[in-house]
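Structure first, then comments.
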Amino acid sequence: MATLPITKRGAEQLKAELQRLKTKDRPAVIAAIAEARSHGDLSENAEYDAAKDRQGFIEGRIKEVEGKLAAAQIIDPAALDAGGRVVFGATVQLEDEDSGEQVTYQIVGEDEADLKQGLINISSPIARALIGKEEGDSAEVQAPGGLRHYEIISVRYV
């Protein structure tokens, strides 16, 4: 199995989700199944079917999160020293060369990505275009809205 890069913060979020699934969600669905079972005939019991479906989802998610944590390569962006190059975990301030608009993104793993918070997936077009570049370089990004040109204003490791 290939390793998956993930930031320290992302690994902590996955661990917290796994803890919640195992200690809260799993016992709650077991109780719901027991409650539905007590209502009698299971063949026409919608509550029982819904609880079993929920249990399947929770167990699947537990396996998925455990697999991701097992394959994770945890990277602490604050401990990086990439000499000003854009690498996984770096926070990059960009300026759109056409509009002059400035944006800041941190390059993170798939599970952590949230564009509204400025967290972009390592495999996204913009992240792929930035990797390896340095402050002052230009990056050409093939975005859904067309070709965009960005200048890298700063690269930080926080």
Side-chain angles (χ1 to χ4, degrees), residues 1-30 32 50-158:
M1 183 187 306
T3 59
L4 302 170
I6 189 169
T7 65
K8 194 173 174 182
R9 179 185 64 235
E12 289 167 5
Q13 289 172 340
L14 280 178
K15 287 175 186 173
E17 180 185 0
L18 184 60
Q19 180 72 11
R20 188 197 79 241
L21 287 167
K22 286 184 170 182
T23 61
K24 289 190 175 91
D25 295 354
R26 182 188 269 167
V29 79
I30 290 170
K52 288 299 279 183
D53 287 347
R54 178 89 175 122
Q55 181 184 35
F57 172 78
I58 290 170
E59 294 302 324
R61 184 64 184 156
I62 287 172
K63 287 200 181 334
E64 181 182 353
V65 172
E66 286 175 339
K68 286 179 180 183
L69 286 171
Q73 177 186 0
I74 300 171
I75 297 170
D76 183 1
L80 291 176
D81 182 19
R85 282 192 347 265
V86 178
V87 295
F88 180 86
T91 301
V92 186
Q93 184 177 6
L94 305 170
E95 181 176 315
D96 187 318
E97 292 179 353
D98 297 329
S99 69
E101 179 185 346
Q102 290 193 2
V103 291
T104 303
Y105 296 123
Q106 182 179 16
I107 300 173
V108 297
E110 177 184 329
D111 289 313
E112 307 168 78
D114 184 354
L115 192 56
K116 290 178 183 164
Q117 293 182 356
L119 304 173
I120 59 171
N121 186 346
I122 183 75
S123 61
S124 69
I126 191 163
R128 288 195 317 259
L130 294 173
I131 294 292
K133 300 227 182 318
E134 297 179 354
E135 211 171 281
D137 288 352
S138 286
E140 196 173 89
V141 179
Q142 184 61 49
L147 197 60
R148 308 282 298 264
H149 297 275
Y150 292 101
E151 180 183 345
I152 300 172
I153 305 298
S154 69
V155 179
R156 300 185 320 271
Y157 310 104
V158 284

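- Residue Asn121 comes nearest to Ala113 through the heavy atom pair N-CB, 3.7 Å, listed as atom of the first residue, atom of the second, then distance.
- One distance of note links OG1 of Thr7 with CD1 of Ile74; it measures 9.0 Å at 0.5 Å rounding.
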Run the side-chain donor-acceptor check on residues 62-73: report pairs under 3.5 Å with partners two or more places apart or on a different chain.
unit_1	atom_1	unit_2	atom_2	d
Glu64	OE1	Arg61	NH1	3.3
Glu64	OE2	Arg61	NH1	3.2
Glu64	OE2	Lys68	NZ	3.1
Glu66	OE2	Lys22	NZ	2.8
Lys68	NZ	Asp111	OD1	2.7
Lys68	NZ	Asp111	OD2	3.2

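- Between the CD atom in Gln93 and the OH atom in Tyr150 there is a gap of 13.0 Å [rounded to 0.5 Å].
- Exactly one residue among Thr91, Ile75, Ile6, Leu119 makes a side chain to side chain contact (heavy atoms under 4.5 Å, CB included) with Val108. That residue is Leu119.
- Ser154 contributes atom OG, which lies 8.5 Å from atom CG of Leu94 (distance to the nearest 0.5 angstrom).
- Among Glu112, Gln117, Arg9, the one residue that satisfies the side-chain hydrogen bond (donor to acceptor under 3.5 Å, both in side chains) test with Gln106 is Arg9.
- Smallest separation of non-hydrogen atoms from Ile107 and Ala127: CG2-CB, 4.1 Å.
- At least one side-chain heavy atom of Arg148 sits less than 4.5 Å from a side-chain heavy atom of Asp96.
- Taking the charged nitrogens against the carboxylate oxygens, Arg20 and Asp25 do have a contact shorter than 4.0 Å, which makes a salt bridge.
- What you find for Leu130 and Ala139 is that their closest heavy atoms are CD2-CB, 3.7 Å.
- With a 4.5 Å cut-off on side-chain heavy atoms, Val87 and Tyr157 count as touching.
- In this structure, CD1 in Ile126 is found 11.0 Å from CD1 in Ile131, a value given to the nearest 0.5 Å.
- Taking all atoms of both residues into account, the shortest heavy-atom contact from Gln55 to Val29 is N-CG2, 3.6 Å.
- Around CZ of Arg26, the count of heavy atoms belonging to other residues, nucleotides or ligands within 6.0 Å exceeds 12.
- Pairs engaging residues 130-143 under the side-chain hydrogen bond (donor to acceptor under 3.5 Å, both in side chains) rule: Glu97-Ser138 [sequence neighbours left out].
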